[in-house]
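Right, one structure below, let's go through it.
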Amino acid sequence: QVWLTESGGGLVQAGDSLRLSCAASKRTFNSYNMGWFRQAPGKEREFVGTIDASGTSTKYSDSVKGRFTISRDNAKITVYLQMNSLKPEDTAVYYCAADNLVGVPPPTASYEYDYWGQGTQVTVSS
């Protein structure tokens, strides 16, 4: 079992930036692909982006591409989501997730992830 804890959410204005962190409980995290997802009220959970275990390959949804950046620091067993140029439509609870299937590209489907954090609220006002 790997515990994931997100932090860094808050209330910001449109155009502002936020950096979310996701800290893992075990160093086995370093062999896992990681994903970020979000869920707005009344909507399904949505893929935001992924990063592979090595931190060299990332993928983003079209809605955040060019504005959001995922990175990881395996020494700190933490993954980050840097969010720039935030928009009101980015308002959601943001979740990080870990995929414990080693040696495959990071998935984009939420059901393929094995461990989830509790989520952190991001609210962007217009």
Sidechain-backbone polar pair: Glu6 side chain, Cys22 backbone, donor-acceptor under 3.5 Å: no
With sequence neighbours excluded, residues passing ring pair (Phe, Tyr, Trp, His ring centres under 6.0 Å) with Tyr113: Phe37
Ring-face cation contact, Phe47 with Arg38, 6.0 Å cut, 45° max: no
pair Arg67-Tyr60: side-chain heavy atoms closer than 4.5 Å: no
Trace of the side chain to side chain donor-acceptor pair (under 3.5 Å) decision for Ser17 with Asn84: CA-CA 4 Å; Ser17 297; Asn84 298 331; 2.9 Å; yes
Common cluster, Trp116/Val2, ILVMFWY with side-chain heavy-atom separation under 4.5 Å: no
Taking every non-hydrogen atom, the tightest pair across Thr78 and Ser21: CG2-CB, 4.2 Å
Phe68 CZ to Ser85 OG distance, which is reported to the nearest 0.5 Å: 9.0 Å
Flag, side chain of Asn33 to backbone of Val104, donor-acceptor distance under 3.5 Å: yes
Separation of Arg72 CZ from Phe29 CZ (nearest 0.5 Å): 4.0 Å
Test: Arg45 cationic atom under 6.0 Å from Tyr95 six-membered ring centre, within 45° of axis: yes
Salt-bridge contact Lys87-Asp90 (side-chain N to carboxylate O under 4.0 Å): no
Sub-4.5 Å side-chain heavy-atom contact between Asn30 and Ile77: yes
Student check: side-chain heavy atoms of Met83 and Leu20 closer than 4.5 Å: yes
Rounded distance (nearest 0.5 Å) linking atom OG1 of Thr108 with atom NZ of Lys59: 5.5 Å
Derivation of the side-chain contact (heavy atoms from CB on, under 4.5 Å) call for Thr91 and Val122: CA-CA 5 Å; Thr91 295; Val122 172; 5.9 Å; no
Over 12 non-hydrogen atoms of neighbours within 6.0 angstrom of CD in Gln1: yes
Main-chain N/O of Leu11 paired to Thr123 side chain as donor or acceptor, under 3.5 Å: no
Reported OG-to-CD distance for the pair Ser110 and Glu46, which is rounded to 0.5 angstrom: 11.0 Å
Heavy-atom side-chain contact between Cys96 and Tyr115 under 4.5 Å: no
Transitive ILVMFWY side-chain link Tyr80 to Val12, under 4.5 Å: no
Donor-acceptor contact below 3.5 Å, side chain Arg27 vs main chain Asn74: yes
Ile70 side chain reached by Gln82 side chain, heavy atoms, under 4.5 Å: no
Donor-acceptor contact below 3.5 Å, side chain Asp114 vs main chain Asp99: no
Close side-chain approach of Val79 to Trp36, heavy-atom, < 4.5 Å: yes
side-chain contact (heavy atoms from CB on, under 4.5 Å) between Asp16 and Val124, worked out: CA-CA 8 Å; Asp16 285 351; Val124 184; over 6 Å; no
Results of side-chain hydrogen bond (donor to acceptor under 3.5 Å, both in side chains) for Ser54 - residues two or more places apart only: Asp52, Thr56
Beyond-backbone contact of Thr58 with Thr50, side-chain heavy atoms, under 4.5 angstrom: no
Note, Lys26 side chain near Trp3 side chain (heavy atom, < 4.5 Å): no
